[in-house]
Amino acid sequence: LAVTGYLIGSPPPAIGGEAYDSFYFGWIRMIHEIAGYITVVAFLVRVYWVIVGNHSARSIFYLPFWSGAWWRGFWSQVAYYLFLKRESDLWVGHNPVAQAAMFFMFTLGTLFMIVTGMALFAQQWGWGSGYMRWFGWVFVVFGEPQQVRTLHHLGMWYLLLFAFIHMYMVFREDIM
């Protein structure tokens, strides 16, 4: 999605010859849209797993802000990540910092990308389409289509940043 999305945002130069001889950009968009639908299905399966799964399956879909133990664990883990504490507390599943990062970056970030992506997909079908009935509100909330495109593009960088930080933290935790 990131590669095809980047190419949609910064298209490659035109290929020589008549436009009907090449469907290059059409292939880029089609691959992006198919991958987007696969992401939607995978996210819905993940939501299903939240419903039928155990506590660890649900942990990245909500944050227990009301829990004093969660906040103590959060700040203890922050101290560990800042090298102010020598040893990490032991956690089953995600620690509170990881849980918060997964919630804000992965869960909300992916949901934002799905909603804005489906709105941009709906735009090509027009205002009377079923897609626009489901996702037309996005243009009311976030502004004109170019604004939604820009936010969708920034969302891509947001998720990529999360992926790199997440990989760093996994390797760091293995080493520590």
Side-chain angles (χ1 to χ4, degrees), residues 1-53 57-66 74 94 96-170:
L1 279 169
V3 171
T4 55
Y6 182 81
L7 290 173
I8 290 169
S10 300
I15 298 171
E18 293 296 323
Y20 60 77
D21 287 334
S22 172
F23 192 63
Y24 182 64
F25 197 73
W27 283 110
I28 291 171
R29 283 190 59 186
M30 187 175 75
I31 291 167
H32 189 75
E33 290 166 359
I34 290 170
Y37 267 106
I38 291 169
T39 301
V40 169
V41 169
F43 192 78
L44 291 174
V45 168
R46 185 63 179 88
V47 169
Y48 170 76
W49 189 245
V50 165
I51 295 166
V52 300
R58 288 186 287 280
S59 70
I60 67 168
F61 275 76
Y62 75 93
L63 296 178
F65 286 118
W66 58 90
F74 181 87
H94 291 101
V97 173
Q99 184 183 11
M102 292 291 285
F103 176 75
F104 286 110
M105 302 291 279
F106 172 75
T107 305
L108 295 183
T110 302
L111 188 60
F112 176 81
M113 292 301 282
I114 287 171
V115 168
T116 57
M118 292 303 288
L120 293 170
F121 180 75
Q123 184 189 17
Q124 69 187 336
W125 295 97
W127 281 101
S129 70
Y131 286 114
M132 199 53 93
R133 278 192 283 282
W134 278 82
F135 295 101
W137 62 269
V138 173
F139 298 109
V140 175
V141 172
F142 293 114
E144 62 184 35
Q146 186 55 48
Q147 176 88 7
V148 174
R149 262 187 204 84
T150 301
L151 292 171
H152 190 72
H153 185 82
L154 290 172
M156 172 192 72
W157 290 110
Y158 182 76
L159 288 177
L160 286 175
L161 177 68
F162 166 71
F164 286 121
I165 291 171
H166 183 66
M167 285 186 278
Y168 164 76
M169 295 306 289
V170 167

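Predicted model only: the values in this text are computed from it and were never measured.
Summarising the geometry, atom CD1 belonging to I51 is positioned 11.0 Å from atom CZ belonging to R46; distances are rounded to the nearest 0.5 Å. One finds the CG atom of L44 at 11.0 Å from the OG1 atom of T39 (value rounded to the nearest 0.5 Å). The structure places CG of L154 at 12.0 Å from OH of Y158, a figure rounded to the nearest 0.5 Å. Taking CE of M118 as the start and CD of E33 as the end, the distance is 9.5 Å to the nearest 0.5 Å. The distance from atom OH of Y6 to atom CD1 of I28, rounded to the nearest 0.5 Å, is 12.5 Å.
Judged as a ring pair (Phe, Tyr, Trp, His ring centres under 6.0 Å), and not counting sequence neighbours, W137 has no contacts. Listed by chain and number, the residues in a side chain to side chain donor-acceptor pair (under 3.5 Å) with Y37 are Y131 (sequence neighbours excluded).
Formation of a donor-acceptor pair under 3.5 Å by the R29 side chain with backbone atoms of T4 is not found in this model. Side chain of Q147 to main chain of F139: no donor-acceptor pair is present (N/O by atom type, distance under 3.5 Å, no hydrogens or angles). Using modelled atom types, one side-chain atom of R58 and one backbone atom of G53 make a donor-acceptor pair closer than 3.5 Å.
Here the shortest heavy-atom pairing between A119 and V138 reads CB-CB, 3.6 Å. When all heavy atoms of F25 and L7 are compared, the pair lying nearest together is CE1-O, 3.7 Å. Here the closest heavy-atom approach between residue L111 and residue F43 is recorded as CD1-CE2, 3.9 Å. Across all their heavy atoms, H94 and S59 have their closest contact at ND1-OG, 3.8 Å. Smallest separation of non-hydrogen atoms from S129 and A122: OG-O, 4.1 Å. Here the closest non-hydrogen pair linking L151 and F112 is O-CE2, 3.6 Å.
With contacts defined as side-chain heavy-atom distances shorter than 4.5 Å, the pair Y62/V50 does not qualify. The shortest side-chain heavy-atom distance between W49 and F61 does not fall under the 4.5 Å cut-off. Between P64 and W66 there is a side-chain heavy-atom pair separated by less than 4.5 Å. Using a 4.5 Å heavy-atom cutoff, the side chains of L120 and F135 are not in contact. The shortest side-chain heavy-atom distance between L1 and H32 falls under the 4.5 Å cut-off.
The local environment of OH in Y48 is sparse, with at most 12 non-hydrogen atoms from other residues, nucleotides or ligands closer than 6.0 Å. With a 6.0 Å radius and a threshold of 12 heavy atoms from other residues, nucleotides or ligands, F74 has its CZ atom above the threshold. Residue F164 places its CZ atom among 12 or fewer non-hydrogen atoms of other residues, nucleotides or ligands, all under 6.0 Å distant.
Sorted by first and then second residue, the side-chain hydrogen bond (donor to acceptor under 3.5 Å, both in side chains) pairs with a member in residues 101-119 read T116-H152; sequence neighbours excluded.
Using a 30° and 60° split on the angle between ring planes, W157 and H153 fall in the perpendicular class, above 60°.
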